[in-house]
Every structure is written in C-alpha cells, then in structure tokens.
S.K.: 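Please find one structure pasted underneath; my questions will follow.
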Amino acid sequence: MSQVKAAISDRARSERRLGWLLCAPAAIAMLAVTAYPIGYAIVLSLQQVDLRFPDEGGWVGLQNYGAVLSSGLWWTDLFNTVFLSVISVSIELCLGMAIALVMHRAIFGRGVVRTSVLIPYGIVTVVAAFSWQFAFAPDTGFVNHLPLIADDKDWFGERFSAFAVIIMAEVWKTTPFMALLLLAGLTTIDDGLYNAAKVDGASAWQRFTRITLPLMKPAILVALLFRTLDAFRIFDTIFIMTNGAQDTQSVSILGYQQLISRLNLGLGSAVSVLIFLCVLVIAIFFVKFLGARQPEGSNA
Amino acid sequence: MTGRRRACLASVACAAVLGAGILSGCGGDGGGPVSLKWFIAIQPGGSIQKVAETCSKESGGKYDIDLELLPTDASQQREQLVRRLGAEDSSIDLIGMDVVWTAEFANAGWIRKWTGADAKEVSRGVFKPVLETASFDGDLYGAPFNSNTQLLWYRKDLVPKPPETWDEMVQMAEKLGPAHGGQIQLQANKYEGFTVWANAMIESAGTQILSGPETVDLAQGPTEKALASMGLMANSSAAAPNLTTSDEDTARLGFEAGAAFMVNYTFAYGSAKENAPDVAKNMGAARYPGIVPGRESKPPLGGFNLGISSYSKHPELAYEAAKCLTAPKQQLTVTELDGLAPARSGLYGTKVVKKAFPGFADLVKESIETAGPRPVTPAYQDVSLAIQDALHPPTKIDPDDPGPAYDELKDKVQQGVDREGLL
C-alpha cells in the first residue's frame with residue numbers, strides 16, 4: 001500500500017517538476033524583461049546618477065522622490081495626464097458604445113464595417129499625431145480654412161486648444177479599440193432577453209439601460225481599465241504636437257525629459273517609479289471595483 | 001500557407017538577417033580600408049556624403065568613412081548620440097557635434113582632446129567664437145566643421161532702412177500694420193531655438209547667462225532690458241499668430257508669405273529664392289538687431305564641430321579623417337552644396353562663399369566674428385531647459401515690468417546649473 005502511494009507521489013513529483021521546467025523559460029523571460037528593469041529603476045531612483053557626470057554618484061535615499069513630489073512641474077503634469085485620460089476615455093466610451101451597437105446590429109457588410117472602423121487603430125500613433133498636427137497647423141493646415149474658425153487660430157499656442165486637438169487625435173485613434181472590446185461584451189448577451197423585454201413593453205432606452213448595460217458591465221470595466229492605463233501613459237501625441245509646451249506636458253514626457261534629455265537617471269527613475277505606482281493604483285481601483293460589483297450584478 | 005511552412009519561412013528570414021548582420025560586422029577587419037563611422041546630421045544638399053567620399057578617396061585606402069545620418073532636429077541628434085555614448089558604444093568614431101554639446105561630451109569623457117599639431121591644423125584661421133564653442137576647460141575638443149549665424153532678413157520694398165534694435169523693429173512693423181507685412185518672424189516655440197533667441201537678446205544687452213561652467217551671471221539691468229524687449233516683441237501686433245509655436249521653418253514660411261522682418265539662419269535666403277522668387281528679389285540682409293541703441297548686437301552662433309569618440313577603435317585614423325573633413329576645401333564644398341557658412345574666416349573672400357551668400361558674405365563673416373555663443377557648461381541641457389521653462393511663452397513677460405520674469409529666470413538657471421529638481 002505504502003509502495004503504491006510512494007509510486008504515485010513520485011509520479012506526481014516528477015510531473016510537477018516537469019511542469020516547473022516547462023514554465024521556467026517563460027518565467028525567466030518575464031523576470032528578465034519586467035522584474036529586472038523595474039527593480040533596476042527602483043535601485044536607480046534611490047541614487048544620484050547622471051550619465052554626464054560619471055564621477056558623481058552614491059545613495060541619496062528618498063531625496064529624488066522628494067525633489068519630484070515637491071516640484072510644481074510634477075503636479076501640473078499629473079493634472080494634465082489625469083485630465084487628458086478622463087476626458088478622452090469618457091468620450092471614447094460613449095462613441096465606442098455607439099459604434100459597437102451599430103456594428104452589432106449591422107445586417108449586411110459586417111466584415112467591411114468592422115474592418116473600416118479599425119483603420120485608425122492600425123495607424124502608427126506618431127503618424128496619426130503628425131497628420132492631426134499638420135491639419136491644425138495655422139500655416140499649412142486645412143482646419144483654419146473651415147467656416148466658423150478664425151484663419152489665424154494657433155491651436156498649439158494655447159493650453160486648452162492644444163489639449164482639444166490632442167484629445168481629438170487620441171479619441172480618433174483609440175475609439176475602435178474601445179468599440180471592439182465593447183462589441184465582444186455585446187455579443188454575449190442573449191437575444192431572448194430583449195425579446196422577452198419587448199413582450200413586456202420595455203422601450204428601447206429601457207432595454208439598453210436595464211439589459212445591455214448591466215450585462216455588459218464586466219466588458220465595460222475591462223475596456224475602461226485597458227484604455228485608462230493606456231491613456232495615462234500618453235506620450236507620442238503630445239511629444240509630436242507640443243512637446244510639452246504651453247503646459248501640456250504629461251508625466252511620461254516629464255520622465256523622458258529627465259531620463260533621455262538630461263540623462264539624470266536618478267531623478268528620471270524616480271519619476272518612472274511614481275508613474276508605475278499611479279498605474280498600479282488605477283489597476284487596483286478597477287480590479288477591486290470589478291470584483292466588488294460583480295456579485296451584486298449577478299444577484300440583481 | 002500552413003502554419004508550419006510560415007514558421008519555417010520566418011526562421012529562414014531571421015537567419016538571413018542575422019547572417020547579414022554578422023557578415024557586415026566583420027567588414028573592415030580584413031586587409032581593406034578601415035571603416036570609420038561618422039554620426040552627423042543630414043544636410044539636404046548632399047554635402048556630407050560628398051566630403052565623406054572625397055576624404056575616403058584621398059586617404060589612399062587607409063579608411064573608408066561610413067555615414068550614419070542623424071535627424072535634422074538638434075535635440076533628436078543629441079539624444080541618439082548620448083544614448084550610444086553613455087553605453088560606451090565602440091561603433092562611433094567621428095561625431096558631428098552641435099556647438100553647444102562640447103562641454104557636456106568632454107566632461108562625460110565621451111570625446112578626445114585635440115592637441116599639438118593636430119589642434120593647430122584644425123583651428124588655423126577659425127573664428128574666435130567658434131573655437132570657444134569647441135573648447136572646454138582650456139582644451140580643444142572639436143574640429144570646427146561649419147559655422148552658422150542668424151541675420152535680420154527684411155523686405156527692401158517695405159522697409160527703407162533696416163532697424164538696429166528690436167524695439168525699433170517692433171515699432172516699424174506696427175507702423176506697417178498687419179495687412180502690409182508688418183510682422184516679425186522668429187523662433188519662439190519651446191525648444192532649443194527659443195534658448196538661441198533668449199541668449200542672443202541677453203548677450204546683446206551686454207551681459208551673459210553664465211560667466212563660468214557653474215556660475216550664473218545675468219546682470220540685472222541688462223537682462224531686464226533684454227527681457228523687456230522680448231515681452232514687447234511677443235505682445236506686439238507685429239508678432240505672428242503662431243509666435244509661441246514658431247521655429248526656423250514656420251518663420252521662413254511666414255516671411256515667404258509676406259512678413260516684412262525675420263531673424264533666421266542663412267538657409268532662409270536659398271529657400272526664398274526657390275519657393276518665393278518675388279520675395280527673394282526684395283530680400284535684404286542686415287545685422288541681427290540689438291537691444292541698446294549704439295551697442296552692437298551679439299548674433300546667435302550655430303554650426304558643427306567634429307569630435308573623436310573616446311570609444312573609437314581607430315582614433316589615429318579618426319583624427320586624420322576629421323582633419324581632412326574640416327580642411328578648407330571640404331568646408332567650401334559644404335558651403336557650395338548646402339549654403340552653410342565656413343568656420344574659417346579666410347574663406348569668405350572666395351568665389352564659392354560669395355556665390356552662396358550673394359551680397360552678404362561679409363555680413364555673415366562679421367556676424368560670426370562678433371557672435372554671442374550660448375553658455376559653455378556640462379549641464380547645458382539643464383540650463384537650456386531652465387531658460388525655456390522660465391521664459392516660455394514670452395507673451396507672459398511684461399515689457400513694462402520685467403522684474404518677475406528676471407527673478408524666475410535667475411532662479412531657474414541656478415537650478416539648471418545645480419542640476420537640481422525637475423526641469
């Protein structure tokens with residue numbers, strides 16, 4: 001009896017070992033490409049490191065974090081980033097939902113509709129940003145020649161008009177992604193529910209708010225989580241359009257400036273770690289929110 | 001196509017790419033000429049390719065210059081270079097350095113000194129301000145390749161006599177009125193070009209931003225005068241609507257579209273000749289405007305110096321190549337093909353220069369001779385960002401009370417020199 005048991009556990013053990021072995025390459029790759037750089041950034045953020053001054057250096061504790069958090073620039077840029085994320089993700093959610101509903105209900109040409117909606121998402125962000133910048137440029141763009149717009153409006157010369165163009169470019173580019181995620185949620189809803197509601201006399205709006213939205217909640221939250229995390233790290237569009245001028249800088253551009261332009265690896269890493277923490281907070285907020293709300297939804 | 005077949009093709013393609021990489025990596029170590037890699041900004045006229053080819057040929061098979069052309073934007077050039085240099089990349093031999101990088105690169109130990117006969121050869125007849133940009137801590141670190149300066153460009157049909165100061169220019173432009181070309185084009189986006197403008201204003205007023213690599217100067221009286229002129233300019237009806245996003249290219253476009261005044265580098269003349277011949281016919285060149293009447297302005301200074309990478313595996317050949325690339329003959333080729341000003345003053349009497357700068361060759365020479373270079377400091381990047389942070393947008397400078405702007409500038413520049421805090 002005990003022999004049999006030992007044989008089974010031997011087998012289980014070797015299977016487990018095989019499992020570990022099979023996982024190992026992936027685990028090592030993950031550690032090498034994520035844990036190592038993150039750990040290294042944390043180590044650098046506690047030091048005074050400047051590539052231009054190779055002889056200087058040493059541990060400075062939390063001094064870099066103090067410098068970042070006591071700087072007005074960090075808070076302005078954090079506000080800009082949150083502002084851009086909230087506005088663009090809200091617009092994307094509304095537009096994305098509308099597009100998802102249209103795609104879901106499209107009777108003919110489904111493939112063509114879905115493909116054409118995806119085109120903006122397939123364009124490289126930098127290219128899209130340049131196109132929008134050229135369109136709004138006061139000397140060469142066409143936007144200022146449209147009716148109701150002043151011919152000499154300098155869109156990037158002022159903070160909120162620059163934000164407007166940045167948000168438009170972001171929304172244009174990522175709404176398709178939002179729409180696709182929402183469409184995936186939409187297709188899981190059983191048509192029978194709508195038919196039953198119709199029989200009970202529910203209006204289209206009631207069907208949308210009472211059936212579609214509650215059942216899509218998980219899909220909506222996932223879409224919001226993905227897009228918010230993405231939007232918070234906004235870099236390319238701002239870099240191309242204003243490069244942070246007129247107070248339109250995002251935290252990613254701030255980090256880039258410390259790391260790449262100033263080569264101040266200590267300060268730059270502190271900014272990066274703080275951005276990482278912000279992203280973590282957003283993720284935890286959404287996941288908790290998701291986990292907390294789901295049972296309630298299923299009770300309803 | 002089946003998945004397996006596709007994977008197979010992909011791996012073949014990968015192998016081919018890797019193989020090609022290994023093969024090209026081996027080139028140059030055999031008996032043939034040594035391959036020297038030269039990183040420098042691309043020039044539209046092809047002058048870089050031409051001088052590289054000439055010097056490779058003249059070396060008699062000793063070396064072959066391989067070009068790695070960088071973007072036209074100075075910040076992007078620098079970012080590509082410092083990333084490699086910071087990682088001690090041995091594939092760089094020669095570096096085309098913007099005039100403001102010398103101190104930073106030298107201090108970090110990325111480039112080699114020029115000494116003895118070599119130093120003498122590359123600095124013979126070179127303008128003094130240009131040599132200053134190639135030096136750090138009393139040593140020469142770069143071989144001047146070309147120079148550049150800004151002039152005041154104006155419309156001779158609209159302006160009888162060019163203004164001597166910025167305030168006078170603003171007055172003239174306001175009098176002309178926006179409908180009749182009463183506009184001044186300059187570079188005031190938040191980028192290096194803005195630092196160039198601010199530095200020229202401060203230098204022209206009779207002071208300087210730094211008096212040593214770590215010492216802030218900025219004498220209050222003259223600096224406030226310079227700032228007042230910047231504020232007056234920015235808040236005037238003569239400012240272009242896109243003032244706060246303007247750069248060399250938007251300025252050129254604005255001038256070609258009818259503005260009466262522009263400060264810009266010498267390329268603007270060639271551009272106008274090509275894109276707006278009617279404007280070019282009436283295009284006058286004058287000395288960069290000053291701040292105080294009767295006091296000569298200190299125009300901006302641009303250009304490239306050639307540095308030898310500390311990590312180069314063939315430094316002797318790199319020095320030799322740099323000497324050839326910066327020789328008078330090559331400087332003239334660069335002037336001929338790309339309209340860039342030579343760094344050696346003796347060349348300004350030649351036909352090539354006179355043809356490239358018709359009627360204003362002497363003006364360019366005088367402008368470079370008396371230019372006010374940007375600060376020389378290893379923390380240049382920080383200082384430049386600090387100036388931009390403090391003074392951009394220039395519309396916020398009150399011309400009647402430049403005090404607050406002055407205080408902010410002084411604080412920020414000090415922070416830049418100390419490399420403290422976020423910028």
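Excluded from the calculations below are hydrogen atoms, water molecules and symmetry mates; all remaining heavy atoms, backbone and side chain alike, are included. Sequence lines set the chain letters: A, B, ... in the order given, protein chains first and strands last, and positions in each chain run from 1.
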S.K.: Could you tell me which portion of Ser71(A) (side chain, backbone, both or neither) has an atom closer than 4.5 angstrom to a non-hydrogen atom of chain B?
M.R.: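 For Ser71(A), side-chain heavy atoms alone lie under 4.5 Å from chain B.
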S.K.: Heavy-atom cut-off 4.5 Å, strictly under: side chain, backbone, both or neither for Leu85(B) against chain A?
M.R.: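 For Leu85(B), there is no contact with chain A at all, as no heavy atom is under 4.5 Å.
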S.K.: Tell me, with the steps shown, if Arg52(A) and Tyr380(B) meet side-chain contact (heavy atoms from CB on, under 4.5 Å).
M.R.: CA-CA 10 Å; Arg52(A) 300 166 299 175; Tyr380(B) 180 77; over 6 Å; no
S.K.: Just how far is it from atom OG1 of Thr244(B) to atom CD of Gln246(A), taken to the nearest 0.5 Å?
M.R.: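 Between atom OG1 of Thr244(B) and atom CD of Gln246(A) there are 4.5 Å.
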S.K.: Salt bridge (charged side-chain N to carboxylate O under 4.0 Å, His left out): which pairs involve residues 155-169 of chain A, sequence neighbours left out?
M.R.: none
S.K.: Let me know if Asp50(A) has heavy atoms under 4.5 Å from chain B in its side chain, its backbone, both or neither.
M.R.: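 The side chain, not the backbone.
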S.K.: Among Ala270(A), Ala245(A), Pro138(A), single out the residue with the greatest number of heavy-atom pairs under 4.5 Å to chain B.
M.R.: Ala245(A)
S.K.: Under 4.5 Å, heavy atom to heavy atom: which of residues 412-423 of chain B reach chain A? Give them by number, or say none.
M.R.: Arg419(B), Glu420(B), Gly421(B), Leu422(B), Leu423(B)
S.K.: Return yes when atom CD of Gln80(B) has more than 12 non-hydrogen atoms of other residues, nucleotides or ligands closer than 6.0 Å, and no otherwise.
M.R.: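 Counting neighbours around CD of Gln80(B), more than 12 heavy atoms of other residues, nucleotides or ligands fall under 6.0 Å, so yes.
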S.K.: Against chain B, label Leu267(A) side chain, backbone, both or neither, depending on which of its atoms sit under 4.5 Å from a heavy atom there.
M.R.: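 For Leu267(A), the contact with chain B is made by the side chain alone.
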S.K.: What is the minimum heavy-atom distance between Pro378(B) and Phe53(A), and which atoms define it?
M.R.: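 The answer is CB-CZ, 3.5 Å.
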S.K.: Side chain from CB out, backbone as N, CA, C, O: work out which of these in Ser75(B) comes under 4.5 Å of a heavy atom of chain A, or both, or neither.
M.R.: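 For Ser75(B), neither part sits under 4.5 Å from chain A.
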S.K.: A quick test of your reading: do over 12 heavy atoms of other residues, nucleotides or ligands sit less than 6.0 Å from CZ of Phe79(A)?
M.R.: yes
S.K.: At a heavy-atom distance under 4.5 Å, which candidate from Leu243(B), Thr245(B), Leu253(B), Val82(B) has the highest pair count against chain A?
M.R.: Thr245(B)
S.K.: Considering only heavy atoms, give the residues of residues 185-192 of chain B separated from chain A by less than 4.5 Å, sorted numerically, with 'none' for an empty result.
M.R.: Asn189(B), Lys190(B)
S.K.: Where do Arg78(B) and Ser261(A) come nearest, in terms of heavy atoms and distance?
M.R.: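 So the minimum-distance heavy-atom pair works out to NH2-O, 2.6 Å.
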S.K.: Is chain B contacted by the side chain of Leu51(A), its backbone, both, or neither, given a heavy-atom distance below 4.5 Å?
M.R.: both
S.K.: Identify which part of Asn264(A) has an atom lying under 4.5 Å from any heavy atom of chain B, answering side chain, backbone, both or neither.
M.R.: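 Asn264(A) touches chain B through side-chain heavy atoms alone.
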S.K.: Evaluate whether atom CD of Gln63(A) has more than 12 neighbouring non-hydrogen atoms of other residues, nucleotides or ligands under 6.0 angstrom away.
M.R.: no
S.K.: Below 4.5 Å from any heavy atom of chain B, which atoms of Trp155(A) appear? Answer side chain, backbone, both or neither.
M.R.: neither
S.K.: In residues 103-113 of chain B, which residues are in contact with chain A at a heavy-atom separation under 4.5 Å?
M.R.: Glu104(B), Asn107(B), Ala108(B), Trp110(B)
